[in-house]
Amino acid sequence: MPREELQELQLERLQQTVERAYHNVPHYRKAMQEVGAEPGDIKSLQDLQKLPFTYKTDLRDNYPYGMFAVPLSEVVRIHSSSGTTGKPTVVGYTRNDLNVWSELMARSLTCGGATKNDVIHNAYGYGLFTGGLGIHYGAEKIGASVIPISGGNTKRQVMIMKDYGSTVLTCTPSYALNIAEVMEEMGITPEDLKLKVGIFGAEPWSDNMRKEIEHKLGILALDIYGLSEIIGPGVAIECPAKQGLHIFEDHFIPEIINPDTGEVLPYGSVGELVFTSLTKEALPMIRYRTRDISSLSLEECSCGRTHVRMKRVSGRTDDMLIIRGVNVFPSQIESVLLEIGQTEPHYQIIVDRVGTLDTIEVLVEVSASFFSDEVRRLEELEKKIRGEIETTLGLTVKVRLVEPKTIERSEGKAKRVIDRRKI
Amino acid sequence: MKVKQISVFLENKSGRLAAVTAVLAKHGINIRALSIADTSDFGILRLIVDQPDKAFEVLKQEDFTVSVTDVIGVEMPDQPGGLAQVLAELEKAEINIEYLYAFLGKAPGGALVVFKVENIDTAIEKLLASGVKLLPGETLYKM
């Protein structure tokens, strides 16, 4: 679709969304009135900037159903976050929302190279988390064979991938590495499997981690993006060109803002991703602050798709650690570790405060391939890791080598940071 | 003439050494000699055992980082100057010693020291040529 036509479609859908939100959701009406905005003010896509942001706390404050724009009788599915950081956020879908979501997931899987001939091994968690069922419906829509295995019991996962001939793996990137590790232990090589593509998301990961997964599983690893507040997985997906994720702009408008000032930044700038849904019925989202850090590009992709692309999420504004005034993202440390390559990418970052000084300690598991019986070689490794992290972050850090399997393995999102500071 | 030593990575926290010895005990593996090199954060446990290959396998299965290293077992007169003489031979041959530790118990003819050296094949050759007695692994494991 030519850009002009797309923008016409976006504007029309935006106007409908704002209208629906204003009239059916007291929160939106109040928030818009506070800034003196009305649905009629939206005459161009630029006018979106007149509308206030929506925050995760708005969903919590209106827990559980206060942000819904339709009566519960029209809601056919409810998902929710785990609520580990506060009250869970509840999201609802009408029949049409589910159709749209399935369609977007079908597009995503197709973009990743999946067809009806594939066996999709879906190790995203099923249940209230949107990952499992999101992928599931999309996979069924393209006519692939879905294995709804969900997370956990990794040995059985490997056995099933081998015996059932899984060709596409979908899970979090940290779980993919966990699976690769268990495969090694079981003596199963990528050649024993039929896997060709992995579609990974739900947590920030680095390019080096991609290489590690691709090498260990012998597959093409692609990034998928989504969040339950917007619709779930399938908001954007990488194509095999790996030049950023294509955002499905006929259903969502992305913006990049300065997280501190809220100012909208031009294409190419790094900032916080903000999404507005264009077709959601049950839970319209207007300028939702994702907390994810990315940038947008309109450059043409070699795959021929014309929708705007977002860069792989490099961190979260709320994951960002501020240590002695320096912004630190766990992904930066992960990148260094993977580059050194002599250690398994199992690590944990412990932040503490001694007196008034923040300290950062990185625990790294020693891999069998590097282990030496000489103290000085292990000390050299520690020193090398420390040096590279310090160069990257501009901060002094402590590196501690730990025994394998002592850092907790994740079957979902990895817990990389333990912040013990009491501020 | 090489001797297989088992090296294990241990974090410096209580119970880790006990855990290794418990695994060996469970599998009926007897320790012949051991030493620990440590820093404030971690240690490396070095072991000569009666069944090195089995020890490697069972420790690996229990998720320890473990490796097998070649060392040499040197027998020397149990009297003043016994070790000095062996060290002099190594120095003459310009072979660096990474570390050494004594064997529990005694060789029939004297004291026994385990050496980890930089160039093990040359070291074996030179020591044998100068009349120093080396004990092969098979002998040590059973001592």
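All chains are named by letter (A, B, ...) in the order of the sequence lines, taking the proteins before the strands, and each is independently numbered beginning at 1.
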According to ring-ring contact (aromatic ring centres under 6.0 Å, His included), who are the partners of B/F115, at least two apart in sequence or on a separate chain?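 B/F115 satisfies ring-ring contact (aromatic ring centres under 6.0 Å, His included) with no other residue.
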Going by ring-ring contact (aromatic ring centres under 6.0 Å, His included), name the residues that satisfy it together with A/Y124, two or more places apart in sequence or in a different chain. none
Restricting to salt bridge (Lys or Arg N to Asp or Glu O under 4.0 Å), what partner residues turn up for A/K196, sequence neighbours left out? A/D118
Salt bridge (charged side-chain N to carboxylate O under 4.0 Å, His left out) between A/D192 and A/K162, intermediate numbers included: CA-CA 7 Å; A/D192 297 328; A/K162 181 166 173 272; over 6 Å; no
Return the option, out of B/T69, B/D38, B/I44, with the maximum number of heavy-atom pairs under 4.5 Å with chain A. B/I44
For chain A, which candidate among B/F64, B/F42, B/F9 shows the most heavy-atom pairs at distances under 4.5 Å?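 Maximum pair count with chain A is reached by B/F9.
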Within 45° of the ring axis of A/Y347 and under 6.0 Å from its six-membered ring centre, is that where the NZ or CZ of A/R416 lies? yes
What part of A/E379 is in contact with chain B, defined as an atom under 4.5 angstrom from a non-hydrogen atom: side chain, backbone, both or neither? both
Between atom SG of A/C171 and atom CD1 of A/I213, what is the distance when rounded to the nearest 0.5 Å? 7.5 Å
Heavy atoms of other groups near B/K54 NZ, more than 12 under 6.0 Å: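 Counting other residues, nucleotides and ligands, NZ of B/K54 exceeds 12 neighbours.
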Residues of residues 83-100 of chain B near chain A, each having a heavy atom less than 4.5 Å away: B/E98, B/Y99
Which portion of B/Q61 sits near chain A, non-hydrogen atoms under 4.5 angstrom: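 Answer is neither: B/Q61 stays 4.5 Å or more from chain A.
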Is B/L45 close to chain A through its backbone or its side chain, or both, or neither, when contacts mean heavy atoms under 4.5 Å? neither
Test: B/K116 and B/D70 ion pair at under 4.0 Å: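 Between B/D70 and B/K116 there is no salt bridge, as every charged N stays at least 4.0 Å from the carboxylate O atoms.
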Positive for side-chain contact (heavy atoms from CB on, under 4.5 Å) with A/L363, one of A/I350, A/V399, A/L401, A/I349: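 It is A/I350, the one option of A/I350, A/V399, A/L401, A/I349 that forms the side-chain contact (heavy atoms from CB on, under 4.5 Å) with A/L363.
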Winner by heavy-atom pair count (cut-off under 4.5 Å) against chain B, out of A/D373, A/T406, A/V375, A/L378: A/D373
